[in-house]
Structures are given as structure tokens and as C-alpha cells.
Amino acid sequence: MPFFPQMPPPGNEVLLLGALLAIGALAGAAVQRLRLPAVFGYVLAGLAVGPMVLDLPARQMLQGARAIVDIAVGLVLFELGRRLDLQWLRRDPSLWIAAAAEASLSFVGVTAALVGIGFPPVHSAMAAAIGVSTSPAVVWLVITDSRAQGQVADRCLNLVAVNTLLGFVLATMLVAMVHLEYQAGWLTVLLHPLYLLTASLAIGVAIGLALPYAAAALSRRAEVQFVLIVAAVLCAVGLAVALKLSVFLALIAVGATVRNVPRRSALLEFDLGGGARVLYILLFVVTGAQASWPAWHSAGWAALIYVAARALGKWLGVMMSAPLSPLPWRQSACLGLTLMPMSGMALLLMYDISARYPAFGEQLASVLLAAILAFDVAGPVVLQWALRRAGDARS
Amino acid sequence: MLGPFAATKALTIGVELELQLVNLRDYDLTRGAASLISALAGGPHAKAVKPEITESMIELNSAVHATHAALLADLDRIRAGVCAAAAKLNIGVAGGGAHPFHHWAERRIFPTERFHALSDLYGYLAKQFTVFGQHIHIGCVSGDAAIRLIQQLARYVPQFIALAAASPFSQGEDTAYASSRLHAVSAFPLSGRMPAVDSWAEFERYFARMASFGIVRSMKDFYWDIRPKPEYGTIEIRVCDTPLDLDTAAAMAAFAQALCAWLSEQDAGPSLSDDFDLYEYNRFQACRFGFDADIVDAGTKKLVPLREQIVATLDAVLPHAQRLEAVDPLALLYSRATAASNGARWMRESMRRHGTLADVVRAMCERWCTPRSVSREP
């Protein structure tokens with residue numbers, strides 16, 4: 001009969017997304033029973049779906065879900081940008097000192113450690129730059145899920161916004177240096193990072209400036225403003241992709257502009273809520289599914305050294321600012337720990353770099369992959385523990 | 001345990017102010033008390049700032065003062081210290097009797113044994129008790145004098161409520177009340193008015209009886225509108241919402257001081273049963289309508305506009321205010337009463353102007369933390 005499907009029926013992307021979403025949600029709920037953060041479950045689900053265990057067609061998944069991943073990343077970065085409070089950084093210098101110290105210590109520390117065990121400097125620095133940023137998505141979701149409130153959670157979000165920006169700037173500059181290694185023209189070397197930085201910031205700031213005016217002109221009702229925010233995020237993500245710019249930078253700029261321009265009072269503050277959760281789960285599962293088993297024999301000790309140098313750099317960086325900070329020591333120690341998470345976005349960046357620059361080397365890629373996996377899995381758990389220990393999240 | 005009444009100099013004043021701690025993002029209440037208190041530790045104001053039942057509240061305590069000017073200067077120093085520390089923590093500090101839109105279930109109990117015990121006993125009432133009041137202490141020479149003053153002051157409770165009212169919004173809605181805060185207090189057993197006792201000895205007997213039932217252990221178990229505080233040697237007037245600025249807060253204390261001075265010279269007379277019968281009704285009227293309330297006068301048995309009553313009281317106590325160097329603060333209250341302008345009205349106008357309650361709270365933070373020389377308004 002022609003109206004019957006062929007057997008077995010062909011799968012399609014919608015079905016695949018539905019299945020991934022269900023797996024992610026179930027894994028999240030399951031680990032929450034063990035009092036672990038839901039994000040930890042999403043990460044495990046992603047790893048399980050990927051080549052490490054079930055080996056579903058991960059690459060195709062990413063192609064199909066590319067828009068969803070971009071939108072989810074856009075929303076998270078917008079939220080993060082909206083937590084970047086420049087006035088606070090000015091009022092409490094210990095906050096920007098912590099931001100500068102943790103980013104530079106982790107960057108310098110990891111680079112030095114990798115060079116020390118024999119990796120080439122520029123490539124080591126690139127691997128270190130990927131580790132400068134703390135996963136915005138993990139931090140955002142763990143803080144929202146645990147309803148964490150207080151100095152450690154608030155400061156953590158500000159530090160993550162700053163280190164995401166710094167990590168991006170470092171990576172862009174290093175890409176330029178790699179261009180040079182590959183005998184690209186000087187013009188490319190100078191213009192590419194410049195274009196990425198200025199144009200990404202420019203569209204972000206422009207949309208961020210327009211948003212409150214649109215909100216003031218239209219409506220103060222939450223549902224209208226919600227749609228407006230989603231529209232702005234979609235436009236910013238779309239423009240960044242179309243103009244080959246950085247989605248990260250553009251979206252943080254939108255959020256930070258909305259937060260820091262005087263007109264912000266026209267825009268309501270609200271949780272993007274359950275709708276955004278669907279996108280976030282898919283983000284974790286789809287990006288996590290890209291991870292393959294690192295070659296442990298070649299990663300080995302080097303990966304451990306990467307993990308130790310990054311963790312120590314971030315923690316010590318925050319502790320260096322502790323004497324100037326109004327926080328008690330114990331809270332500063334917790335704040336340092338909240339910066340550990342790394343996630344799937346770092347993974348994608350790593351694959352992207354090692355595909356474009358083969359000389360980056362299989363071995364360094366393996367080291368980085370192993371380190372990312374370690375922070376990806378342990379990060380959310382450490383983060384939640386630190387938030388509880390600090391009293392910001394209910395235990 | 002009820003200790004002896006520690007006699008103090010008559011008419012000395014002291015003030016406790018419960019303040020709201022909000023985030024500077026959406027201006028909802030936030031968890032900030034512990035951070036703020038630890039940031040102030042070791043500084044000059046460490047002893048003047050205390051935690052309250054939930055983590056979004058702090059309490060400022062003034063020292064004991066003889067005059068309004070000294071009290072205001074003291075409170076202003078503490079206010080400046082707290083606002084500076086809060087700025088470093090990105091926490092907003094505001095007056096007002098209730099947060100306009102917080103959800104009580106999101107509040108967290110401040111982790112001390114006493115607060116946890118209260119939370120266990122009172123359940124959701126403990127978190128709903130996240131309301132913000134000003135408590136005015138007036139020194140008394142003896143327990144008898146304190147009890148007498150408390151009974152005399154009962155008639156003036158509506159005047160205090162209307163002058164200080166600053167909680168028109170609750171849980172995101174306009175309540176139609178000038179002070180919605182007092183209803184959070186009314187939910188507690190042992191709230192409202194102190195019973196009809198006429199001497200300290202009689203009060204001690206009442207307390208012993210309540211203690212023998214196992215209902216109370218200390219004066220803290222009574223949530224009365226006005227209660228004696230024997231260990232300080234004061235009476236404590238607790239019906240005022242925390243005003244939106246320090247000038248009003250200090251003026252309320254000056255008003256209480258002058259009123260008590262005047263009442264001490266009046267013939268106390270027996271407590272009228274009408275006074276007790278009318279108390280709750282008049283109190284409700286003042287909460288609901290503020291300056292526009294009509295109050296039943298227990299003496300004349302007639303409805304009197306509350307605003308007129310306040311003006312009459314201010315006139316009556318003026319000679320005492322002159323002696324106590326408190327004419328200016330009473331003039332401030334006089335202008336407020338005649339213009340029917342209190343914190344509740346200011347907040348509603350702010351809402352009309354800005355359109356969101358978050359902006360109202362932002363304006364409240366600015367008003368509370370603006371140095372006094374700038375914030376003086378007509």
C-alpha cells in the first residue's frame with residue numbers, strides 16, 4: 001500500500017531533537033534526585049549520546065540543531081551580559097581586580113605549564129585561551145536552578161561575563177598569530193581580530209540601545225517585552241552569523257548595554273523561564289554529543305597539568321583580591337571555585353581550531369579534550385557545592 | 001523571664017529602623033543581611049546594625065539621646081556607613097513599610113537559633129513578617145510611668161500610623177491601604193493592644209500568668225503595638241512603618257517624645273472601656289485611609305477626621321516641643337498632615353510617574369541613601 005511508510009521508517013531531525021530533549025530532561029531529573037545539579041545530567045546525556053557511548057550521528061545533529069544551539073547560546077549570553085554591572089565594578093575595585101587576576105593567572109599559568117612540558121608556545125597559548133572563559137551556560141543554569149542569591153552568585157556572574165569577553169579577545173589575537181604562522185598577509189592578521197571585535201561590539205551595542213526604546217514605546221507588559229527580547233536576541237545572533245562575527249561578543253554586548261545605559265528602567269527584568277529551558281537542554285546535549293574519547297595515552301599527565309594549572313590560576317586569582325574584597329575569606333574561596341566549569345562551547349571551539357590548523361596537533365587537541373571533559377563533568381557539581389557552602393544556594 | 005524595670009531618664013529617645021535590602025537589577029528583595037553585617041564588622045557602626053528575621057532585612061539601632069538633633073545626627077552617620085558598605089556589595093537600601101512586589105515564599109530565614117525557632121513555630125507567618133517598621137523608644141522613670149504612658153498613647157496610635165504610613169503595595173498589587181504592613185503583624189497571637197493593666201505590679205502579675213500557661217517566655221513574645229521594654233527602661237512604639245527618609249523617621253521620634261512629655265502632665269484617668277472597644281476600628285481606619293481616615297474619638301464619641309486630630313495634637317504638644325528643641329521636626333509633620341502627604345502617597349505618585357514597581361523601589365533606594373542636605377523636601 002502506497003500510504004504506508006517504508007520499513008523501517010526514515011528518521012527525521014524533529015524526531016531526533018525530540019528524543020535528545022527527552023533524554024536530556026530525564027537525565028537532568030534523575031541526577032537531581034541525587035541532589036546534583038540538573039546541568040550535570042544534561043552533560044552526561046550529551047556524552048552518552050555522542051561517539052563515546054551510543055554514537056548517534058553527532059555531526060549531522062549539530063548541523064540540524066545549529067540554529068537552536070546558536071539561539072540558546074545567544075539567550076544565555078544576553079542574560080549574562082545583563083548581569084555585567086559596570087557601576088559595581090567601579091564601586092568595588094576588588095571585583096575587577098579579581099576578574100583581571102583570575103583571567104590572567106589561569107591564562108599565563110596554563111600556557112607556561114604546557115610550554116614547560118614541551119608544547120609550542122602559540123599553540124599552548126591558544127589552548128590556554130580556550131580555558132580562560134568559564135562556561136556561561138553552566139553557570140547561568142546552576143545559579144538559576146539552585147535559586148542562588150547573594151554575593152558569591154552575583155560576583156560569579158560578573159566575573160564570568162568578564163572572562164568570557166577576555167577569553168574571546170585572547171583567542172582572537174592568537175588566531176591572528178596563527179595566521180602569521182601560516183603566512184597569511186599582515187593585513188589579515190591585523191584586520192581580522194579588529195573586524196571581529198569592533199563589528200561584534202557595534203551590532204551588540206546598537207541592538208542593546210534600541211531595545212529599551214522599543215520597549216518604552218510599545219508596552220510595559222511582560223509578555224510583550226519577552227517577545228521583544230527574544231526578537232532582539234534572534235536578530236543579534238542572526239546578524240553575527242551572517243556577518244561572520246562573534247555571537248559571544250555581540251550578545252554579551254546587547255545584554256551589557258541594556259543593563260548599563262540609563263534607559264534600562266524601561267525594560268522589565270524577568271526570567272526567560274521554561275521556554276528557554278528547552279533550548280538550554282538541547283544546547284548541552286547537542287554540544288556534549290560532539291565529544292569523542294580523548295586519546296588517554298597521549299593526553300595523560302599533560303591533561304592533568306592543564307586541569308591543575310587552570311583550576312589553581314582561577315582560584316588564586318580570586319584569592320589575591322580577597323584582602324581588598326568586602327567578602328569574608330571563606331566566601332572568596334567559594335567564589336574562586338564557582339569559576340571552574342568549562343563546557344561544550346569550548347569543545348566546539350577546540351574542534352574548530354584543530355580542524356583549521358592541523359599543526360595544532362593531535363596530541364594538544366587530545367590534552368585539551370580531556371581537560372574540557374574533566375571540567376565539563378566536574379564543573380557543575382563543584383559550582384553547586386560552592387554556592388551551597390557560601391550560603392547563596394539552599395542546601 | 002520578666003526582669004525589673006530599669007528606671008531611666010524620662011523622655012530620652014532611641015530608634016530602631018528596619019530596612020529593606022534589594023538587588024540593583026530588578027529591585028526585588030535580596031539576601032544581603034549577612035554580607036552587609038560582615039562588611040561592617042570592626043567598623044564604627046558594627047554594633048548599630050543587626051539582623052532581622054529574614055535575610056533581606058537589617059535593623060539600625062540608634063544610641064539613647066535627649067534631643068531630636070542628636071538622634072538625627074547619630075542615625076545619619078549610621079545611614080551613611082550602611083549605604084557606603086551596601087554600595088560596595090551592590091545592594092540597595094530602602095525605607096518603606098513593605099517591599100512592593102517581593103514574594104514572601106522566596107525569603108530565607110536568617111540563620112540564628114531564635115529565628116529558626118520562630119520560623120518553626122509560626123510557619124509562613126515568619127516569612128510574611130518580612131515587613132519593615134520603625135520602633136521608637138521613650139525612656140520612663142518607672143514601670144508604673146511606662147504602663148500609664150502606654151495606656152494613654154493608645155488613642156494616638158492612628159496618628160502615628162497615618163504620619164508614617166509607607167506600605168501601599170504588597171506582593172505586586174496596590175492594596176488600597178496606606179499601611180498594609182500592620183496586617184502582617186496582626187496575624188500573630190499576642191498582637192494588638194496591651195491588656196488593661198494600670199500599674200507595673202499588675203503587669204507583672206499578668207506576665208506571670210501568661211508565663212505559667214507556657215505561652216510566653218520574654219517580652220519578645222508580645223507583638224503589641226506599644227509594649228514596655230523593662231531591660232531598657234523604655235516603652236516601645238511599634239506601629240510606624242519605616243519612613244522613606246531619615247528626616248521623617250527622626251521627626252516621628254520627636255513627635256513621640258513631645259507627646260509623651262505632654263501626656264505625662266495630663267490627668268491619666270481610668271482606662272475607658274470605649275478606648276478598648278474602638279481601638280481596633282480606629283487602627284484599621286488609619287491603616288486603610290491614612291490621613292483621610294475618620295476616627296471615633298473615645299472622649300467625645302464623635303467621628304473626627306484623623307488629619308484634624310493630628311493637627312490638634314501637634315498644636316497641643318508644641319510648648320513641650322519648644323522645650324525639647326523639637327519644633328522643626330514637628331513643623332515637618334505639620335506640613336505633611338496638612339498636605340495629606342505621607343510615604344504611601346509618595347510611593348503611589350512614584351508608581352504613576354514611572355509605571356513599574358521596580359522603579360518605585362529604585363526611587364526609594366535613592367531617597368534613603370541620598371545625603372540629608374540634598375533630600376530635604378518641603
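In what follows, chains carry the letters A, B, and so on, assigned in the order in which the sequence lines appear, proteins first and then strands, with residues in each chain numbered from 1.
- With a 4.5 Å cut-off on non-hydrogen atoms, A/Asp392 touches chain B through its backbone and its side chain both.
- Other residues, nucleotides and ligands contribute only 12 or fewer heavy atoms inside 6.0 Å of the CD atom of B/Glu173.
- For the pair A/Arg259 and B/Arg25, the minimum side-chain heavy-atom distance is below 4.5 Å.
- Checked by atom type and distance alone, the side chain of A/Arg91 pairs as donor or acceptor with a backbone atom of B/Ala87 at under 3.5 Å.
- Looking at heavy atoms from C-beta onward, B/Asn23 lies out of side-chain contact with A/Gln149 at the 4.5 angstrom threshold.
- Here the straight-line distance linking atom CG of B/Asn90 with atom CD of A/Gln87 works out to 8.5 Å at 0.5 Å rounding.
- For B/Glu55, no part lies under 4.5 angstrom from a heavy atom of chain A.
- In this structure, chain A has a heavy atom under 4.5 Å from the side chain of B/Ile91, while its backbone stays farther away.
- Of the atoms belonging to B/Leu357, not a single heavy atom falls under 4.5 Å from chain A.
- At most 12 non-hydrogen atoms from other residues, nucleotides or ligands lie less than 6.0 angstrom from CZ of A/Arg147.
- With a 4.5 Å cut-off on side-chain heavy atoms, A/Asp92 and B/Leu89 do not count as touching.
- In this structure, the separation between CD on A/Gln151 and NZ on B/Lys88 is 11.0 Å, given to the nearest 0.5 Å.
- Residue A/Trp88 qualifies as enclosed at atom CH2: its count of foreign heavy atoms under 6.0 Å is above 12.
- A donor-acceptor contact shorter than 3.5 Å links the side chain of B/Arg31 to the backbone of A/Gly391.
- Contact of A/Arg90 with chain B is not made at all, since no heavy-atom distance falls under 4.5 Å.
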